[in-house]
Structures are given as C-alpha cells and as structure tokens.
Amino acid sequence: MLDINLIREQPDRVRKALSDRQMDPAPVDRILALDARRRAILTEVEVLKARRNTGSKEISLEKDAAARKTKIEAMREVGFNIAAFDKEVAEIEEELRSVAAIIPNLPDARTPYGKDDSENVVLRTVGQLPKFDFEPKIHWDLGPELGILDFERGVKITGSRFYVLTGLGARLQRALIAYMLDLHNRQGYLEQYTPFMVKAATLYAAGQLPKFADNLYHDAEEDLWLVPTAEVPLTGLHMDEILEEKQLPLQYTAYTPCFRREKMSAGREVRGIKRGHQFDKVEMYVFCKPEESDARLEKMREHAEATCTGLGLTYRVKQLCTGDIGFGATMTYDIEVWAPGLQEWLEVSSISNDTDFQARRANIKYRPADGGRTRFVHTLNGSGLGMPRTLIAVLENYQQADGSIKIPEVLLPWMGGVEIIRQ
RNA sequence: GGAGGGAUGGCCGAGUGGCUUAAGGCAACUGACUUGAAAUCAGUCGUGGCCGCAAGGUCACCGGGGGUUCGAAUCCCUCUCCCUCCGCCA
C-alpha cells in the first residue's frame, strides 16, 4: 500500500512507477478522483456530526417537553443527512481500498529500467563453472538412479508435479534445511515456527491478496489459505502492532513448506523438481527503521550468499529490473546457482526491500525513542534458498563419475555418518 | 461438536441510554523538592482521518461488522477470539 498523501502530492511519480513496471497508470487518476470526493464529503459531514453532538446534548438538558420534541425532530433530519453521507464515504473508501490495493510499490531509483526478466542485470559471478571429466547427469536421472527421488509415486499419491524424496534424499533435504536455519541463527535471525495456513487478512498484509489469489490454495470450508512463502506468516507476526524503537531491528528466520497453484504450461519446465506446487524454503525476514533498510538489504544479500558459499556452489547475483521486481519490492537481488546437469542458472533466492509497503498494509509501526510520532517500519525478505533448486544444485554439482553424490562438508553433521550417496 | 462465561487505553479495572470530552489505580515521561536517589507533590500520558503555514479546530474509534435511537462502551443481531465444563481426537 502506498501512502495516499504521496499519490496525492506526487501523482506523476506514481504513474511513472507503474509504467516502468509495464503496468497501466490509469488507476492513479481514479484514486485521485475518489480521494478528492472523499475529502469533500468528510468536511461536510463532520460539520453535521458536530451539530448532532451539541444538539443531542441540548436535548438531554431540555426540560420543556414541546421544545424537546422540536429539537428531536430537527436532529432526526440531521441524522438522515449524516447517514447518507456516511454511506457514500463508505462506498468511496471501499473502492479506494480496492484500487489502492493493486498499486505496487515504487521502484527504487537504483532499480534499472527494463521491460521484463530478460533485462535483469548480472552484477557478478562468484566461483568458476565446474569442470567434469565425464558428462554430468541431470538430477531427474541421478535421483531415481540412486533411489532417492521418486517421481512416479509422487504422481500416484497426489498428481502431476509432485514427487517423493526417499531415504538419503529426504535426509539430504532435511540437512539443507537444518544447515540454513543454523546458519541464519548465527547471522542473527531468530528462528520461528509458524502456521502454514493463514487467514486472508494476513495474505493481504504481505501483499499477496487480492492480486494473487489465483496462485494460492484456499480451503473454502474454514476460509484458510496455504502459505506461498514464509514471508506471509512472518509479516503477519507483528500485524497491528506498535513496536518500540529499541526492539528494532527484528530479524527472523523460518522454515516452511510453500504452496503455489501457479498454472504451469505442460511440456515446458515441467520435468524434474525445479518448479512444483509444493516446495520447502528457509526464509529471512527483517523489520527495521526506515533509515536502515538500505543497509539491511545488502546484509541480507550477503547472508544469502554465505549460504551458497558454505555449500560450495557457484552462483551469480542479479539485480532485477523495474519490469520484474515483485509487487511490494523497491529493489531486489536474485541469487542463481549453477546446475551443471541442466546447464542453467537456477534462481534460489530473491532478496527484496519492501520499504514501508507491507508495513502499511499490515499496520506495523514503531515509536521513536525520542517520543515522536509513530512511523511505519520497513520490511525486507529474502529466501535463505529455495529447497528443491538447492537440492538440484547439490546433486548435480557433487555428482561423481560413478553416479554417486558426495555430501557437501557443511551438511555432514546431519547425515548420520553418510559421506557419499551411492546406489 | 455441545453448554455456559468473557473481550474497555501500555497493564489492572469502573462504567447496563444523556454532566463520560471513558472514573480510579499501576507503569511511563516532565517538572518541583533533594548532594544524588527513594518518597512526596504538580503536570503530561492512546490511535487515526479531515481542515489549517501554524497555533489550533473537528470527527471517528471501548474485539470486528451491522442495526435501534435525537443520542450507544451501555440495547438488539452477527462474526471472531479467549476462559470453564462435556464430547471427540494425533
């Protein structure tokens, strides 16, 4: 949610942001019209309400029955007018909310212009592309051959795009999750275990609703939604709270499964475990003071990079362009790891500064230590790496000529003595 | 799932139709007294909208939404959450 004052005072800036994001700027004009009408009515109706307040008080003091009756009649008339205005204001505010709810955040000035993901900018590549003295296999061959990845049974019990990790495959993923959570704990993030189902208000707060309802799983009977990312419950933790400045920054990490209904075209990118309706992820999330969010974004990027470095994976850092940054984001870094089997870069992490966008929707403020007016906090989110893709990278990078997988050293503490996954 | 009881400011807690612009207490902050602190005294002490350069004015908010009324924290309907008991249950 943008500040209505900002839209009112700098509509051209908002229009430009929308067109930079390849969106229609027309809603800005609708908002301006609704806002002007709303304020005009408010000034009128408030005069009436003030009159009603004093009038009602006079009635309570009026001893003469006839005079009392006259006054009540007059006030009844005022009441009708108030009700009519109130109704109109309510309608305007509802439309204002629904239009404003689909306006994305303003891209940061440093976010490069670009029409879509093809214009994202590679900032740097860390590590060398690994060389193999054999033809590296793709994870969808490696996994089943080792008996740690079972596509057929996933399809049998649930359907297309679902798979089962078996034995050391499941354990390897659990090791990755534990490794990331422990690393983020050391980096200063407080671990959270949250519900995986949330109510609509929580999704709205994080910016997922109303715009992305199509991508979410919803239980109609209980009116609960499955989380598409831990970012949603983590944002919700402090909904409708006023924090003290000394509490900030609040840094959280959480593991959750993520559920996404996105319509995926059959035949394209369907193979393997790269993209599914259910995947696991460890997330980082920060609530901080506005003046700190710039620096926190860089810190969080470093923390995500450390995850890759620890695993010994070659990766590159991209800066997303205006046409590709997320709905609530002002600036976003993506981290992609190299998958030598697939021969492609896999997006495993996305780190964004949402500034006060989510905080407005979630109504999360803080009280400055000097006692000044409350202000909205800034929020940042970043994947500590998405699981199936990281798993792909580990399998494909650590494969050996005989088809076995060497376990990365940082994962050994959770592998129960297993150092190599063999057939 | 069934029966009953609740939800008031940071916290506790009064308040069942109009001198309530929500009593009182605690906590916090400011000042006075004090060498300093404690105690005491005085004051301040919620969030947001609208108008205004400002000072200030005004409106709304007593879990959410709706209704009755000239007037609602208070009455009615409804939803959510919490507590007690019963049932079921990993």
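Per chain, numbering begins at 1; letters A, B, ... match sequence-line order.
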Point to revise | A:N53 side chain near B:C59 phosphate (N/O to OP1/OP2, under 4.0 Å) | key: yes

Review point. Between A:T374 and B:G48, is there a side-chain N or O to OP1/OP2 distance below 4.0 Å?
Key: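 So the side chain of A:T374 is within the cut-off, an N or O lying under 4.0 Å from OP1 or OP2 of B:G48.
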
Could you measure between the two [atom1] atoms, the one in [N] and the one in [M], and give it in whole Å?
N: B:G5; M: B:U78; atom1: P; value: 15 Å
N: B:G52; M: B:U30; atom1: C1'; value: 29 Å
N: B:G46; M: B:A55; atom1: C1'; value: 22 Å
N: B:C70; M: B:G17; atom1: C1'; value: 12 Å
N: B:G6; M: B:A73; atom1: C1'; value: 15 Å
N: B:A72; M: B:A60; atom1: P; value: 9 Å
N: B:G43; M: B:C33; atom1: C1'; value: 15 Å
N: B:U74; M: B:G9; atom1: P; value: 15 Å

Exercise for review: Check whether NZ of the Lys or CZ of the Arg A:K406 lies under 6.0 Å from the centre of the six-membered ring of A:Y398 and within 45 degrees of that ring's axis.
Suggested key: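 Cation-pi check for A:K406 and A:Y398: fails.
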
Point to revise | A:R375 to A:Y366 six-membered ring, cation-pi geometry met (6.0 Å, 45°) | key: no

Check your understanding: Okay, side chain of A:S56, backbone of A:N53: is any donor-acceptor separation there less than 3.5 Å?
Key ->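 No, because the side chain of A:S56 does not come within donor-acceptor range (under 3.5 Å) of the backbone of A:N53.
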
For [X] and [N], give me the distance from atom [atom1] to atom [atom2], rounded to whole Å.
X: A:L61; N: B:C70; atom1: CG; atom2: P; result: 18 Å
X: A:M75; N: B:C70; atom1: CE; atom2: P; result: 12 Å
X: A:I41; N: B:A60; atom1: CD1; atom2: P; result: 17 Å
X: A:K246; N: B:C29; atom1: NZ; atom2: C1'; result: 13 Å
X: A:R76; N: B:G71; atom1: CZ; atom2: C1'; result: 12 Å
X: A:K71; N: B:U69; atom1: NZ; atom2: C1'; result: 18 Å
X: A:M239; N: B:C81; atom1: CE; atom2: C1'; result: 14 Å
X: A:K57; N: B:U21; atom1: NZ; atom2: C1'; result: 7 Å

Report which part of the nucleic acid [X] touches: base, sugar-phosphate, or nothing (heavy-atom distance under 4.0 Å, all strands).
X: A:L42; result: sugar-phosphate
X: A:R68; result: base
X: A:R367; result: sugar-phosphate
X: A:K49; result: sugar-phosphate
X: A:R375; result: nothing

Does any nucleotide pair with [N] by Watson-Crick or G-U wobble geometry, both distances under 3.5 Å, and what is it?
N: B:A54; result: none
N: B:C85; result: B:G2
N: B:U34; result: none

Practice item. Identify, between A:R39 and A:I59, the residue whose nearest nucleotide on RNA chain B lies closer to the 5' end. Key: A:R39

Point to revise | Nearest-nucleotide comparison on RNA chain B, the residue closer to the 5′ end among A:R51 and A:I4 | key: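 Looking at RNA chain B, the more 5' nearest nucleotide goes with A:I4.
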
Review point. What nucleotide among B:U58, B:C50, B:G18 has an atom nearest to a side-chain atom of A:A50?
Key: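 In terms of side-chain proximity for A:A50, the closest of B:U58, B:C50, B:G18 is B:U58.
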
**Study point:** Centroid-centroid distance, A:F327 to A:F357, less than 6.0 Å
**Key:** yes

Check your understanding: Only one of A:V232, A:L224, A:V227 clears side-chain contact (heavy atoms from CB on, under 4.5 Å) with A:T202; which?
Key -> A:V232

Check your understanding: How about A:I148 and A:L395: do any of their side-chain heavy atoms sit closer than 4.5 Å?
Key ->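 They are in side-chain contact.
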
Review point. Between A:Q251, A:Q192, A:Q358, which is the residue that forms a side-chain hydrogen bond (donor to acceptor under 3.5 Å, both in side chains) with A:Y285?
Key: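 When A:Q251, A:Q192, A:Q358 are each tested with A:Y285, the side-chain hydrogen bond (donor to acceptor under 3.5 Å, both in side chains) holds only for A:Q358.
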
